[in-house]
Amino acid sequence: MLRTLLSPRVMGLHLLTIGVLIAFIVLGRWQLGVFQDSGKPQAAADPGPVAVATLAPVGAQMNGEAVGRRVTAEGVYEAARQLLVADRRADVDAPGGKASHEDGYWVLTPLRLDDGTLMPVVRGWVAKTDDPAVSAVPQGRVAVAGRLRPQQGTDSVQRRADGLPAGQVQTVSTGELVNLWAGQKVRTGYVVAQPPSGSLTQVKVAPPVVGGTLTWRNLAYAANWWIFAGFAVFMWFHFVRDAVRADRDRAKSPQMALEG
């Protein structure tokens, strides 16, 4: 049997089968990767900026298509109502709360629009609460450009067990802001200013994205390649088995003739 398995004819079959298996497995993994990538969020069209009031309503949820859109707003910052969003990095997609404990703060200042409503604006990021940039709130009428983000749930981060000092919050929650800025009409969501205000650090914010659509066809292609790989092993087994049987039969034939 060993002589048959190591014969040039069967060794060529071994090498061919190994090559086919490697090719089919790689092709299957490639199709699987295409399938997995198809489900990831994809960059969407990034239209020009619009007035924030057209996308951020009062007392209603924000349309999902508005998330990440470029917006503009004009009004007056209300420094007396400014808050610090604790345990934050300079990136809106970075985890907050315990995962970013004492990493820094977003500077959240309400902008009073011409219609009297308040639009929360993340003017930038600081590492320490005593940074002079925190209190350097622009005076008078200002024009703000940035990207719109949806409100954050109050339970979206793990809060500090010992609570926060006055003037700090853990999330940018519209419901919480309505209570803190009592008697004011607060628009949903918040704007991440681009560029940041004064010497504050820019908070990174991504453009709009759309949910990916899984291409099940590619998953089927991956399965087909792996089935082909299994079939190649099946055929290799049968060819090798037949070769071994044939060599055994040839080895027995002269012996049987002598015995006869």
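Values reported hereafter were calculated over all heavy atoms of this structure, with side chains retained and with hydrogens, waters and symmetry mates removed. When a residue number appears, it is its place in the shown sequence, counting from 1.
In this structure a side-chain-to-backbone donor-acceptor pair under 3.5 Å is missing from Gln31 to Arg29. Arg70 places a side-chain N or O within 3.5 Å of a backbone atom of Pro47 that can act as its donor or acceptor partner.
Under the 4.5 Å side-chain criterion, counting only non-hydrogen atoms from C-beta, Leu32 is in contact with Leu219. Taking the side chain as every heavy atom from C-beta outward, Met119 and Val71 never approach each other to under 4.5 Å. Taking the side chain as every heavy atom from C-beta outward, Val134 and Gln82 approach each other to under 4.5 Å. Looking at Arg112 and Thr117, their side chains never come closer than 4.5 Å, going by heavy atoms from C-beta outward. Side-chain contact between Glu74 and Leu111: absent, with no pair of heavy atoms (C-beta onward) separated by less than 4.5 Å. In this structure the side chain of Arg88 reaches within 4.5 angstrom of the side chain of Val85, judged on heavy atoms. Contact of the Val58 side chain with the Val186 side chain is not registered, since no non-hydrogen atoms from C-beta on lie closer than 4.5 Å. For the pair Gln152/Ser173, no side-chain contact is recorded, criterion being any heavy-atom separation below 4.5 Å from C-beta on.
For the atom pair Arg81 CZ and Leu118 CG, the distance stands at 6.0 Å (nearest 0.5 Å). In this structure, the separation between CZ on Arg123 and OG1 on Thr109 is 4.0 Å, given to the nearest 0.5 Å. Here the CG atom belonging to Leu200 is positioned 13.5 Å from the CH2 atom belonging to Trp106, to the nearest 0.5 angstrom. Between atom CG of residue Leu177 and atom OH of residue Tyr190 there is a gap of 11.0 Å, rounded to the nearest 0.5 Å. Interatomic distance, Asn63 CG to Leu55 CG, rounded to the nearest 0.5 Å: 8.5 Å. For the atom pair CG of Leu108 and OG1 of Thr171, the computed distance is 10.0 Å after rounding to the nearest 0.5 Å.
Counting Ile, Leu, Val, Met, Phe, Trp and Tyr side chains that sit under 4.5 Å apart, directly or through other members, Val76 stands alone, with no cluster partners.
More than 12 non-hydrogen atoms from other residues, nucleotides or ligands lie less than 6.0 angstrom from CD of Gln202. Other residues, nucleotides and ligands place no more than 12 heavy atoms under 6.0 Å from the CZ atom of Phe239.
Residue Thr72 comes nearest to Pro49 through the heavy atom pair CG2-CB, 3.9 Å, listed as atom of the first residue, atom of the second, then distance. Listed here is the closest heavy atom pair of Ser197 and Ala136: OG-O, 4.4 Å. The two residues Pro196 and Gly124 have their closest heavy-atom pair at CB-CA, 4.3 Å. A pairwise comparison of heavy atoms in Gly189 and Met62 identifies CA-CE, 3.8 Å as the closest pair. Nearest heavy atom pair, residue Ala193 against residue Val121, reads CB-CG1, 4.2 Å. Considering every non-hydrogen atom in both Gln168 and Ala86, the closest pair reads OE1-CB, 3.5 Å.
Note: the hydrophobic cluster containing Val172 also contains Val203 (ILVMFWY, side chain heavy atoms under 4.5 Å, direct or indirect links). Hydrophobic clustering places Trp181 together with Val122 (ILVMFWY residues linked when any side-chain heavy atoms are closer than 4.5 Å, directly or through intermediates). Val144 and Val92 fall into different hydrophobic clusters, where Ile, Leu, Val, Met, Phe, Trp and Tyr residues are linked whenever their side-chain heavy atoms come under 4.5 Å apart, directly or through other members. Under the 4.5 Å side-chain heavy-atom criterion for ILVMFWY residues, no single connected hydrophobic cluster contains both Leu84 and Val137.
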Let me have the donor-acceptor pairs involving side chains of residues 17-26, under 3.5 Å, with sequence neighbours excluded, atom names and distances please.
residue	atom	partner	partner atom	Å
Thr17	OG1	Leu13	O	2.8

Distance-only check: which donor-acceptor pairs under 3.5 Å involve side-chain atoms of residues 224-238, not counting sequence neighbours?
residue	atom	partner	partner atom	Å
Asn224	ND2	Ala220	O	3.4
Trp236	NE1	His14	ND1	2.9
His238	ND1	Arg241	NH2	2.8

Inset, instruction - Just do the side-chain contact (heavy atoms from CB on, under 4.5 Å) check on Arg147 and Val191 with the steps written out, would you? - result: CA-CA 6 Å; Arg147 290 192 182 274; Val191 175; over 6 Å; no

Inset, instruction - Begin from the C-alpha positions of Tyr105 and Trp125 and carry the test ring-ring contact (aromatic ring centres under 6.0 Å, His included) through to its verdict. - result: CA-CA 6 Å; Tyr105 304 82; Trp125 177 91; 8.6 Å; no

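Applying the salt bridge (Lys or Arg N to Asp or Glu O under 4.0 Å) test to Arg187 and every residue at least two apart in sequence or in another chain returns Asp115. For Gln151, there are no side-chain hydrogen bond (donor to acceptor under 3.5 Å, both in side chains) partners two or more places apart in sequence or in a different chain.
Residue pairs that meet the side chain to side chain donor-acceptor pair (under 3.5 Å) test with at least one member in residues 91-103, sequence neighbours left out, are Arg89-Ser100, Arg89-Asp103.
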